[in-house]
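To start, the structure under review is shown below, and the notes come after it.
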Number of protein chains: 2
Amino acid sequence: MNRRDISNAVIYRLPRYHRYLGDLDELGVERISSGELSKIMGVTASQIRQDLNNFGGFGQQGYGYNVKYLREQIGSIMGLDSDHNMVIAGAGNFGRTLAKFFSEQNTNFKVIGMIDVNPELKGEVIEGMEVMFPEDFPEFAKENNVEIGILTVPSIKAMEAAETFVKCGVKALWNYAHIDLDFPDDVSIENVHLFDSLLRLSYNLTNNKKD
Amino acid sequence: MNRRDISNAVIYRLPRYHRYLGDLDELGVERISSGELSKIMGVTASQIRQDLNNFGGFGQQGYGYNVKYLREQIGSIMGLDSDHNMVIAGAGNFGRTLAKFFSEQNTNFKVIGMIDVNPELKGEVIEGMEVMFPEDFPEFAKENNVEIGILTVPSIKAMEAAETFVKCGVKALWNYAHIDLDFPDDVSIENVHLFDSLLRLSYNLTNNKKD
């Protein structure tokens with residue numbers, strides 16, 4: 001099956017498989033049946049088999065799945081064979097927080113640059129990176145393969161910042177601005193609204209509602 | 001209508017109204033019709049009217065909504081009239097990151113304590129808070145009204161940490177551990193998996209798929 005034809009619902013579930021298999025691997029579990037995995041993950045065994053069949057299966061009748069191998073394969077499907085360079089637009093609290101987090105974590109995702117429009121921040125060094133202006137980004141993008149643009153700017157600046165990235169060929173946006181962005185072309189966007197989930201908790205606390 | 005009867009779908013959308021109204025307010029917009037709001041938010045005007053009617057309406061025929069008032073009302077519905085105390089279980093990178101973030105931001109959500117099982121961290125002061133052991137939490141919870149427990153522990157420790165909170169009367173869990181938690185009783189849980197969205201971006205980059 002062509003990878004382009006795989007449904008968003010399946011793609012949506014892949015990271016979850018990756019997480020659970022990582023935990024099983026850490027716990028020393030070497031193989032697992034789709035039935036056992038289904039119990040742990042709270043989905044049907046048939047959905048697991050269907051999902052994984054999109055990529056060729058990986059299971060063996062009567063043996064189940066090899067945990068480490070399956071995790072590696074799913075990681076590889078999701079692009080974890082190589083590193084991905086990211087640049088953060090918005091060198092405020094949350095932008096710095098993310099830069100620090102990724103510089104301390106050993107993942108395939110590397111923050112290699114920070115952008116801010118504030119002249120006072122220009123040239124400031126954050127986690128070893130000199131803050132640049134949006135005007136500096138095209139040059140930076142020519143010299144570095146920037147795959148993911150992270151938006152931590154105020155919402156009214158988000159579209160402009162997104163366009164700065166997209167014009168320079170960045171094909172994926174991780175959006176933390178408080179607005180839902182959408183691009184009609186070949187750009188992938190994930191809108192993350194951390195506060196929304198916190199507000200739902202506070203709604204439930206206030207209204208005494210079980211989620 | 002009894003607040004307990006309001007559907008989760010409506011509650012899910014409330015924070016989004018709150019965000020968009022906040023932006024409109026910042027931009028100086030004083031009132032807005034459901035039609036205009038529907039264009040900005042990408043939902044139908046009838047859904048907006050239905051959603052808000054759950055709480056008594058707030059709109060006026062021919063006038064629309066008063067932006068500031070509506071935002072305050074929705075904030076109040078979501079419990080933003082008062083502060084909410086939170087304690088973080090897990091004083092690793094991400095836990096510290098969140099503690100720092102909330103201590104710097106002026107929100108209704110206050111981090112007032114940090115828990116870790118690591119004896120080396122016991123007594124260390126993070127953002128003015130002394131790291132405590134899980135055993136210390138019941139006493140702490142008696143003296144402080146802890147409403148929200150934040151989990152930033154490894155997934156195999158998440159259930160234990162969640163139970164530490166729940167046993168002491170914490171009714172809401174904001175879960176960043178890489179596992180989906182569910183409690184059958186009157187505890188609200190929001191599972192946040194930041195990496196899942198990043199992995200979806202990297203999937204799309206790798207497989208050249210438009211989201």
Side-chain angles (χ1 to χ4, degrees), chain A residues 3-4 6 8 11-12 14-16 18-20 22-23 26-27 42 77-80 84 93-94 97 100-101 104-105 107-109 147-148 155-156 171-174 178-180 182 185-190 192-211, chain B residues 3-4 6 8 11-12 14-16 18-20 22-23 26-27 42 77-80 84 93-94 97 100-101 104-105 107-109 147-148 155-156 171-174 178-180 182 185-190 192-211:
Chain A
R3 289 269 170 89
R4 279 166 180 269
I6 288 165
N8 280 334
I11 298 164
Y12 200 89
L14 282 182
R16 197 158 172 263
H18 196 253
R19 271 192 276 126
Y20 276 84
D23 287 345
E26 263 183 43
L27 292 170
I77 288 163
M78 293 192 301
L80 297 184
H84 301 284
N93 276 338
F94 196 70
T97 292
K100 182 162 187 289
F101 183 71
E104 285 169 352
Q105 298 292 112
T107 75
N108 292 86
F109 299 94
E147 291 195 296
I148 299 171
S155 37
I156 56 164
K171 294 278 183 252
L173 299 174
W174 206 24
H178 297 176
I179 193 172
D180 302 296
D182 199 12
D185 47 19
D186 60 340
V187 176
S188 297
I189 297 174
E190 288 283 340
V192 184
H193 301 303
L194 285 183
F195 254 70
D196 284 20
S197 57
L198 190 54
L199 289 178
R200 283 193 291 274
L201 288 179
S202 110
Y203 176 93
N204 287 339
L205 285 169
T206 307
N207 299 283
N208 229 339
K209 188 174 185 311
K210 161 79 181 115
D211 182 65
Chain B
R3 289 269 170 88
R4 280 167 179 267
I6 288 165
N8 280 334
I11 298 165
Y12 200 89
L14 282 182
R16 195 156 175 264
H18 195 253
R19 271 193 276 127
Y20 276 84
D23 287 346
E26 262 181 45
L27 291 169
I77 288 164
M78 294 191 300
L80 296 184
H84 300 284
N93 276 338
F94 196 71
T97 292
K100 181 162 187 288
F101 183 72
E104 285 169 351
Q105 297 293 111
T107 75
N108 292 86
F109 299 94
E147 291 194 297
I148 300 172
S155 36
I156 55 165
K171 295 277 184 251
L173 299 174
W174 206 24
H178 297 175
I179 193 170
D180 302 296
D182 199 13
D185 47 20
D186 60 341
V187 176
S188 297
I189 298 174
E190 288 283 340
V192 184
H193 300 302
L194 285 183
F195 255 70
D196 284 19
S197 56
L198 191 54
L199 289 179
R200 283 194 290 274
L201 289 179
S202 111
Y203 175 93
N204 288 339
L205 285 169
T206 308
N207 299 282
N208 231 340
K209 189 173 184 314
K210 161 80 180 115
D211 183 66

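Order of the sequence lines fixes the chain letters, A, B, ..., with proteins taken first and strands second; residue numbering starts at 1 for each chain. None of the values given here were measured: they were computed from a predicted structure.
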**Report entry** Smallest separation among heavy atoms of A:Gly79 and B:Thr206, with atom names
**Finding:** CA-OG1, 3.1 Å
Report task. Pick whichever of A:Lys171, A:Arg19, A:Met78 has the most heavy-atom pairs under 4.5 Å with chain B. Result -> A:Arg19
Query raised in the report: Where does B:His193 contact chain A at under 4.5 Å (heavy atoms): side chain, backbone, both or neither?
Result: side chain
Requested in this report: Write down the atom of A:Thr97, the atom of B:Thr97, and the distance for their closest heavy-atom approach.
Outcome: CG2-CG2, 2.6 Å
Requested in this report: Indicate the atoms forming the closest heavy-atom contact of A:Leu80 with B:Ser202, along with that distance.
Outcome: CD2-OG, 4.4 Å
Query raised in the report: Between B:Gln105 and A:Asn93, which heavy-atom pair has the shortest distance, and what is it?
Result: OE1-ND2, 3.0 Å
Query raised in the report: Below 4.5 Å, heavy atoms only, C-beta onward: do B:Pro15 and A:Phe195 meet side chain to side chain?
Result: no
Query raised in the report: By a 4.5 Å heavy-atom criterion (distance strictly below it), what part of A:Asp196 contacts chain B: side chain, backbone, both, or neither?
Result: both
Report summary line: Across all chains, not counting sequence neighbours, the salt bridge (charged side-chain N to carboxylate O under 4.0 Å, His left out) partners of B:Glu26 are none
Query raised in the report: Given B:Ile11 and A:Arg200, is the side chain to side chain contact (heavy atoms under 4.5 Å, CB included) satisfied, shown in steps?
Result: CA-CA 7 Å; B:Ile11 298 165; A:Arg200 283 193 291 274; 4.3 Å; yes
Report task. Would you please name every residue forming a ring pair (Phe, Tyr, Trp, His ring centres under 6.0 Å) with A:His84, sequence neighbours left out? Result -> A:Phe109
**Report entry** Residue pair B:Ile148, A:Leu205: steps toward the side chain to side chain contact (heavy atoms under 4.5 Å, CB included) verdict
**Finding:** CA-CA 9 Å; B:Ile148 300 172; A:Leu205 285 169; 3.6 Å; yes
Query raised in the report: By a 4.5 Å heavy-atom criterion (distance strictly below it), what part of A:Leu194 contacts chain B: side chain, backbone, both, or neither?
Result: both
Query raised in the report: Among B:Ile156, B:Ile179, B:Asp180, which residue forms the greatest number of heavy-atom pairs with chain A at distances under 4.5 Å?
Result: B:Asp180
Query raised in the report: What residue in B:Leu173, B:Leu199, B:Leu198 has the most heavy-atom pairs under 4.5 Å with chain A?
Result: B:Leu198
Query - Residue B:Tyr20 versus chain A: region with a heavy atom under 4.5 Å - result: side chain
